Amino acid sequence: MRLCFQITSFLLAVNFYSRPVRAQDPSCCHHAAEFSPCREACDQLTTIKSESRLKHLLQRLPGYCSESMNELWMCINSTLPGVSRKSEGWVGLGCCELAITTECRKECKQASSKNDITKVCKKTTENSLYSCITKNEMGSTCCSYAGRHTTCREYCQAIFRTDSTPTVSQISAVKDYCQTHSAQLIHCVNNFTKSYPIHSPVDSLYCCDRAATHCQMACRQILRTMSTEHEIMEGLIKECGSQPLPQEPMWQCFLSSVQTPSITPEDNLPAKMDCAKLHCCSKANTSLCRDMCLEISSNWGSQTWQDFDQLCEYNPVETELINCLADVREPCQLGCKDLTYCTNFNNRPTELFRSCNIQSDQGAMNDIKLWSNGTIKMPFMNIPVLDIRKCQPHMWKAVACSLQIKPCHSRSRGSVICKSDCVDILTQCGDTKRFHEGQTPERICELLSPIDDPEHCIPLYKYLTPSSLGTNTVEEVIHPCNPNPCPSNHICQVNRKGCLDELNCQPYLCVPGCKMGEASEFLVQQDARIQVPTRTDPTVCFEVCSCGPSGRLENCVEMPCMDTSKPCIVGGQRKSHGTSFKTDCHNCYCFAGETVCSTKECLSSGYTDDSHRHFTGLPCSCQDRFVPVCASNGRTYPSACVARCMGFKDSQFVFGPCHLSKPCASKPCQRNQRVTPGALYSGEGERALGNPGNPRVQKLFTKTVTHRSNSQSMLTLTHDTLARWSSHSGLERCIPKYRVCLSDVSDCPQYECIGHAATCDKNSEDPACDTEGMDHRSLCHLHQAGKTLAYMGRCQEACRKPKQVCGHNGETYNTVCGAYSDRVAVDYEAPCRAVGAVSDVAPDSACSLVSCPSLSTPGCHPVTPPGACCPICASILQILWSKERMNTFSKLNKKQPVTVHDVLQILRPHISVPQCDVFGYLSIDHLLVVIIAPVDQQPTPLQVTNTIMHTYKIIVCYICCCAHACVAALYFFENV
Amino acid sequence: AKIYFRKALSSVVALGANIICNKIPGLAPRQRALCQSRPDAIIIIGEGAQLGINECQYQFRYGRWNCSALGERTVFGQELRVGSREAAFTYAITAAGVAHAVTAACSQGNLSQCGCDQDKQGYHDQEEGWKWGGCSADVKYGVEFSRRFMDAREIKKNARRLMNLHNNEAGRKILEERMKLECKCHGVSGSCTTKTCWITLPNFREIGNLLKERYSDAVQVEPVRATRLRQPSFLRLKQARGYQKPTDTDLVYLERSPNYCEEDRATGSTGTRGRLCNGTSSLADGCNVMCCGRGHNTHHYTRVWQCNCKFHWCCFVKCNTCSEKSEVFTCK
């Protein structure tokens, strides 16, 4: 930098001397104000005789006379052509060497102001260049007050010199030399030195622990007593006896605690290695494996890998950890086909496998060849065997194929062969003569596959014969994503949207995803909010990150940590974190010391006929009358009694089902109108269907009596006109969007404000059907056309005519399609008129009024979802959840509420068969009910079995549930 | 549940990056700028340079020159004034050390803006049964970072600059050439049907050994000045006929090394006075060679320790005392 300074002044001098010096015309100085420093300097020019003095002053003239004094400069330039109105080029010139990229450096040298470089020099990377320029700018302003007092000016400039921070002596020198000349200068310099960030050195005391022993004490003393950076720096250098070096721990500590404001948070986030694996580490049984798991998930090194392989990867004690890691690497997939060697594994669409592919098929064949040599090499032992080509060849083939194709047990996810099979085959074919001393088939199998519970291991007999299903199952269920047709970094999803171009419609979609860490192969969907473990012992801490378009996890926010060592005390018994248990008829789950239980009404064990008669199966033993109310969480409850029982105050619900409320009636989307919490209820009297004698309803009626005079169609009309009018005037349009919220830190708005989008994304294809039965390319296109949404997806022939159905959530939908699009399954085909029991033991109820659809599918074990009237052929998952955790996630997500729909959308991609889909609702006793059901009108038995396997898949998918932020607040219990 | 909030990272600290970076000895302006904008990186650079210095000291522990020099200790160790073989070695090993440390920091997730090698991910060779997986060290990033930082040190336009730049590059090149492929087999069944492979950094000792060999074969060069600019523009071998350039991985030097026997301000030699030497060796660490014929001092030590300890019932331990006499030689 200094070098550069010299060169510039040299060039300027050359330029200057090449022209004959003429006397300065004194009249020029009239352009400057009287008694100003500029005028003084200008006047000096006329009197100077010495050439070097003239040159000196000319060089400094820009410091006194601002660039904007055009007349003065034009006048001086005409008489003294060497003079530039820019001092030394421009204030930033001296900083150019600090530029990091060559292009920026070049640009900086040629620039005449800061504006010239902004394009080439990025603020984020050229941080020190910009701070240098700012400093120089301040310097030139401050030091111009020095006028012609060169000593003062020199000292002033020294303060702003780029490569040093002002020292105490420098500051006092300015005071000494400038005090008499310019109070303004002192003030300006003070402002600058003060503007240096005020530090709180005591916060960095921990860095002293890392100092060399001889200066630890001194370091603490210095940080406690000294306040300016400079004093601290000099003190440390003096006491510790060395200049700062970035290889010394103490200086590293100071350097690493510095935050660099220029780096944006996502850039600053160091790459995490493998967050998916990190989730698994908490499953380790031994601390050794937990530590090694943490090591391999955060640090990639061959040594740790080998250790982990040897001690944990195949250690039966670590089954949970191993299964979890296997879920990350090779998640269980439904179905297996197209194998040429392990043919007995083909045509099994309802079984789970981790690795049904050609390589594994080949691998099994290779294994058999290797084993034929007489020894089976396992990672931790060698097993001598007889000639396996003669002794039980079919069994051996099944063993080899099982080890390679890895069927996963539906419940335990393990791929372990049952112990009895292991003992059987080794007793028959083990080469006992070559066994080590003490080696017996039992002992070997105890190590290899200690499990013999058919609930948790893979029995070999299953794979000794071909699948019983034969090959005609292809049409009934297909697995579009197995094998994965998508490029890397893309997630395969079953295409449930359909396409507008039906000829080129693939049954799958490839959507961009994010890897969960640098070395991870586990992908999560874009825009998803993902939990990332940051620490696991003893408290568990997470960050919530989102998957950005860059394909990396970014914008991470820390979450409150949890103490998982804390047990739950239930009825005097200790339950540890992560266990589910039953008390009375309730399912409970212990999460970090907090017990979450279902709240359904229990029938006491010693019940009498009398209590049985009064037992309605509804919360608080409410009567099973159906007088629906809409509560502030967006859920419709069958009666005010139930709503009150679930903790809603009278002000928090209104009569009538939620879907008949008019959330847009209060015009919440108009500009400058803040949406108040009560907005949802202010205009709803017109739909109140409840008891007219109720004073509250009466009040609501009178309040909104003007609205009530309008018929339904009139309302729609006014709504549309309003929408059209608003789109013209640039106002946002209000669209009802019914949702049920699980969090309650913010309101649960039942509408959406849609800005008037000029263009919709042409590439996005997410068909939507409007109320007039017309297809639209996307919801955006539909809104642009000013239509009202009927349901998502292409218009269906079956739904063309309205045929009202009652959903499990207690809402009446115009068509089945509407219900399905809302991810709600159908209870019966009529408007909602009754509520079913939520308890296991239900007496006769109002449901007797309802006629249920017939269940014709053979092999169906019908179940009645809680609160529903009719049984269905499906698999049901009842999930406990914690409102506190939901609120935490909501707070992290800009207070956006977490809704039932959000949760279902996250679970949905895990259903890999297009013939089945996920539905769900919040039950009246606040369990999250997830239904996996066949979507065909006439489901086949195979499809029904498939729903059960998928339910398992959702329960066992530990990673997918733990990773997604809001799903992590759900507690699955085994109740399928 | 009891909730713990992690202590928010305090934004007020004792010292800013600017002031520390300004005081770090031996940095060129652009290096200082980088230090200020990336304080996280300067720590890694420091560690990398130290890695190089330690390796240099290990490699030359028996030599008259033991990788030290007179003068201020900088980030890059004490610098030699003379453009000798030794200077060539120090430049090569620190440049390699920085590249090594940065690459390692990237794959450990300790450095922002870098990670694992993205080119070595996702590829799956179905035929051969292997795929890239895990975290491949992104040596390209490390080398580029080292280039950007270490080469910014050369601000003077002279022959020494060319020599230093060449040796920096040679050190990094050798590191790049020694990257290793590691693979892991999956499954319990013994046949390695699927392998996951990744690239790892070599042990730095290996780089040290290689550079030591290069040091022995270092070539002397001289600058060639381009006619127009009259500045040295490239290097050629001194002994060769015609214009023969050194190869990429050659260490090059401009001047002959001093003998490092005596302390000498002009060359930066610390001399061998007081250095330990081996009384029986006739090699470089032998007292004859090490002390340059000045002779050596002999110090006698007796080491005493407890030995043959036995446990007696009940309850004490009885030990003998063993001793050993040893001699230590230092140069006069």
Side-chain angles (χ1 to χ4, degrees), chain A residues 1 97-98 100 127-128 163-165 197 199-201 203-204 223 229 232-233 243-247 251-252 254-260 262 267-268 270-273 299-300 302 305 314 359 362-363 366-367 370 377-379 400 403 488 518-519 539 541 558 560-563 566 592-594, chain B residues 1-6 9-20 22-25 29-30 32-34 36-40 42-43 45-47 49-50 73 75 106-116 121-122 126 129 133-135 182 184 187-191 193-194 198 200:
Chain A
M1 192 270 327
E97 273 301 299
L98 293 175
I100 289 167
N127 169 31
S128 44
D163 55 351
S164 65
T165 334
H199 302 291
S200 148
D203 283 351
S204 301
L223 291 190
E229 267 191 324
I232 295 171
M233 199 69 194
Q243 297 280 312
L245 286 174
Q247 44 260 73
W251 294 109
Q252 288 185 344
F254 283 124
L255 276 167
S256 61
S257 53
V258 169
Q259 276 190 334
T260 40
S262 67
D267 284 350
N268 209 3
K272 299 214 169 58
M273 274 306 124
N299 190 346
W300 195 267
S302 45
W305 249 121
Y314 307 106
Q359 286 104 278
Q362 284 292 313
N366 294 342
D367 282 347
L370 278 173
K377 285 187 179 141
M378 291 279 170
L403 290 180
S488 68
E518 279 288 319
T539 54
C541 303
E558 274 180 26
C561 298
M562 303 161 307
D563 188 356
K566 219 180 151 191
E594 181 193 18
Chain B
K2 190 165 181 185
I3 288 169
Y4 299 87
F5 280 95
R6 282 215 287 173
L9 224 147
S10 161
S11 58
V12 276
V13 286
L15 296 166
N18 281 12
I19 190 161
I20 304 178
N22 281 333
K23 295 281 181 185
I24 293 175
R30 228 179 308 144
R32 252 177 242 293
L34 210 110
Q36 288 166 357
S37 58
R38 295 285 306 277
D40 60 329
I42 197 74
I43 297 173
I45 290 167
E47 282 172 354
Q50 196 57 42
R73 188 182 164 202
V75 190
C106 289
S107 29
Q108 282 161 16
N110 291 342
L111 202 53
S112 57
Q113 298 174 0
C114 66
C116 312
Q121 278 177 352
Q126 305 262 353
C135 183
E182 271 187 19
K184 174 190 189 296
V188 290
S189 52
S191 75
T193 37
T194 42
W198 62 91
T200 56

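Every chain is numbered from 1, with letters handed out A, B, ... down the list of sequences. Remember, it's a predicted structure, so these values are computed and weren't measured experimentally. All values below come from the heavy atoms of this structure, side chains included, with hydrogens, waters and symmetry mates left out.
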Legend entry - Between CG on residue A/Leu255 and CZ on residue B/Arg38, distance to nearest 0.5 Å: 13.0 Å
Legend entry - Test item: A/Pro246 and B/Ile45 side chains (from C-beta on) under 4.5 Å apart, heavy atoms: no
Legend entry - Gap separating the CD atom of A/Gln243 from the CD1 atom of B/Ile24, nearest 0.5 angstrom: 10.0 Å
Inset, instruction - Could you tell me which non-hydrogen atom of B/Pro25 sits nearest to which non-hydrogen atom of A/Pro244, and how far apart they are? - result: CD-O, 3.2 Å
Legend entry - Residues in side-chain hydrogen bond (donor to acceptor under 3.5 Å, both in side chains) contact with A/Gln247, at least two apart in sequence or another chain: B/Gln50
Inset, instruction - Taking side chain to side chain contact (heavy atoms under 4.5 Å, CB included) as the test, write out the residues that go with B/Glu47, two or more places apart. - result: A/Gln252, B/Ile43, B/Ile44
